[in-house]
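Structure first, commentary second.
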Amino acid sequence: MERRKIAQMGLKAMEHLDLPGELTPGVPDMQLLGSRQFFMTQHKGVVSYSPETIEIDGGTMLVRLVGRELQLLAMTERELRVAGCIEKVELVE
């Protein structure tokens with residue numbers, strides 16, 4: 001719980017100072033490449049997985065990818081890559 005509070009404080013400081021996310025530790029970095037690939041660093045793991053929906057723990061938020069034929073292409077402790085027809089990216093706090 002303490003890590004989450006620190007990460008939330010980091011998010012608030014980042015927003016206040018208008019800093020890019022990669023400068024703040026613990027803040028996930030997400031990239032959507034067209035509608036076919038999604039890349040994320042600083043994740044905390046995959047919460048649920050199906051060809052239509054993938055939910056990823058981003059630490060301070062849940063990241064939900066919605067689409068068709070979604071596949072987890074690669075995943076390490078810190079990074080993951082998803083491919084498929086990505087129709088929507090939702091950030092749930």
Would you say [X] and [Y] make side-chain contact, with heavy atoms under 4.5 Å?
X	Y	value
M30	L91	yes
T53	L70	no
E87	S35	no

Would you give the length of the straight line joining atom [atom1] of [X] to atom [atom2] of [Y], rounded to the nearest 0.5 angstrom?
X	Y	atom1	atom2	result
T60	K44	OG1	NZ	9.0 Å
D29	F39	CG	CZ	7.5 Å
L65	S50	CG	OG	10.5 Å

In terms of hydrophobic clusters joined by side-chain contacts under 4.5 Å, are [X] and [Y] together?
X	Y	value
I86	L62	no
V47	V92	yes
V89	M75	yes
V82	V66	no

(request) Could you check T41 against E79 for side-chain contact (heavy atoms from CB on, under 4.5 Å), going step by step and ending with a plain yes or no? (result) CA-CA 4 Å; T41 61; E79 301 177 349; 3.6 Å; yes
(message) Strictly distance-based, threshold 3.5 Å: is any side-chain N or O of H43 a donor or acceptor partner for the main-chain N or O of V63?
(response) no
Exercise: identify the closest heavy-atom pair between [X] and [Y]:
X	Y	value
L73	Q37	CD1-NE2, 4.0 Å
I54	I56	CG2-CG1, 4.0 Å
G58	M40	CA-CE, 3.7 Å
R81	L33	NH1-CD1, 3.9 Å

(request) Considering only NZ, NE, NH1 and NH2 on the basic side and carboxylate oxygens on the acidic side, decide whether E52 and R68 come within less than 4.0 Å. (result) no
